[in-house]
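Here the structure comes first, spelled out in structure tokens, and everything after it is commentary.
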Amino acid sequence: VEYYLPHTSFVTLKVFDCLGKEVVNLINESQTTGHHKILFDASNLSSGIYFYELKANDFVSTKKLLLVK
């Protein structure tokens with residue numbers, strides 16, 4: 001997952017299953033301005049539809065993720 005922060009922000013990046021249950025918390029920290037990239041190891045998850053939510057200050061973005069093994 002790649003993203004850009006226009007200014008230093010407290011960032012959370014979480015993955016949820018299709019029922020809305022949080023399955024993994026990838027980031028929960030303050031990060032500096034610039035491009036960031038995080039690798040998501042989904043080896044312990046089963047195939048299916050998931051959602052990931054990126055929050056940085058007032059910005060929130062939720063996107064669908066299809067995991068195929």
Side-chain angles (χ1 to χ4, degrees):
V1 179
E2 293 184 41
Y3 54 96
Y4 174 79
L5 296 174
H7 47 80
T8 299
S9 305
F10 188 83
V11 178
T12 59
L13 179 59
K14 298 179 181 182
V15 178
F16 300 91
D17 65 13
C18 61
L19 298 175
K21 180 183 173 192
E22 182 181 322
V23 292
V24 86
N25 187 349
L26 298 171
I27 301 172
N28 192 29
E29 63 186 22
S30 183
Q31 294 188 329
T32 58
T33 301
H35 289 277
H36 297 271
K37 182 177 184 179
I38 185 156
L39 297 176
F40 173 41
D41 177 14
S43 60
N44 62 339
L45 298 176
S46 58
S47 296
I49 297 174
Y50 294 88
F51 296 90
Y52 64 94
E53 179 182 71
L54 176 68
K55 290 184 181 180
N57 293 340
D58 294 335
F59 175 81
V60 178
S61 177
T62 305
K63 304 226 175 168
K64 186 169 34 171
L65 174 118
L66 179 61
L67 179 62
V68 180
K69 291 189 171 184

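All of these numbers come straight from a predicted model, not from anything done at the bench.
Screening residues 5-28 for salt bridge (charged side-chain N to carboxylate O under 4.0 Å, His left out) gives Lys14-Glu22 as the qualifying pairs, with residues at least two apart or on separate chains. Counting only residues at least two apart or in different chains, ring pair (Phe, Tyr, Trp, His ring centres under 6.0 Å) contacts with residues 5-31 are absent. Applying the side-chain hydrogen bond (donor to acceptor under 3.5 Å, both in side chains) test to every pair with at least one member in residues 42-54, sequence neighbours left out, gives these pairs: Asp41-Ser43. The stretch residues 58-69 participates, sequence neighbours left out, in no salt bridge (charged side-chain N to carboxylate O under 4.0 Å, His left out) pair at all.
Under the ring-ring contact (aromatic ring centres under 6.0 Å, His included) criterion, His35 pairs with Tyr4, sequence neighbours left out. Every residue two or more places apart in sequence or in another chain was checked for a side chain to side chain contact (heavy atoms under 4.5 Å, CB included) with Leu39, and none qualifies.
Taking CG from Leu13 and NZ from Lys55, the interatomic distance works out to 11.5 Å, rounded to the nearest 0.5 Å. Remark: Ile49 CD1 to Leu19 CG distance equals 11.5 Å, nearest 0.5 Å. Considering CD1 of Ile27 and CD1 of Ile38, their distance stands at 4.0 Å, rounded to 0.5 Å.
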task = Show your reasoning for whether side-chain contact (heavy atoms from CB on, under 4.5 Å) applies to Phe40 and Leu45.
result = CA-CA 11 Å; Phe40 173 41; Leu45 298 176; 3.7 Å; yes
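Each of Leu54, Asn28, Leu26 was checked for a side chain to side chain contact (heavy atoms under 4.5 Å, CB included) with Thr12, and the lone residue meeting it is Asn28.
Following chains of ILVMFWY side-chain contacts shorter than 4.5 Å, one cannot reach Phe51 starting from Leu67, and the two form parts of different hydrophobic clusters.
Looking only at side-chain heavy atoms (C-beta outward), Leu5 and Thr33 stay at 4.5 Å or farther from each other.
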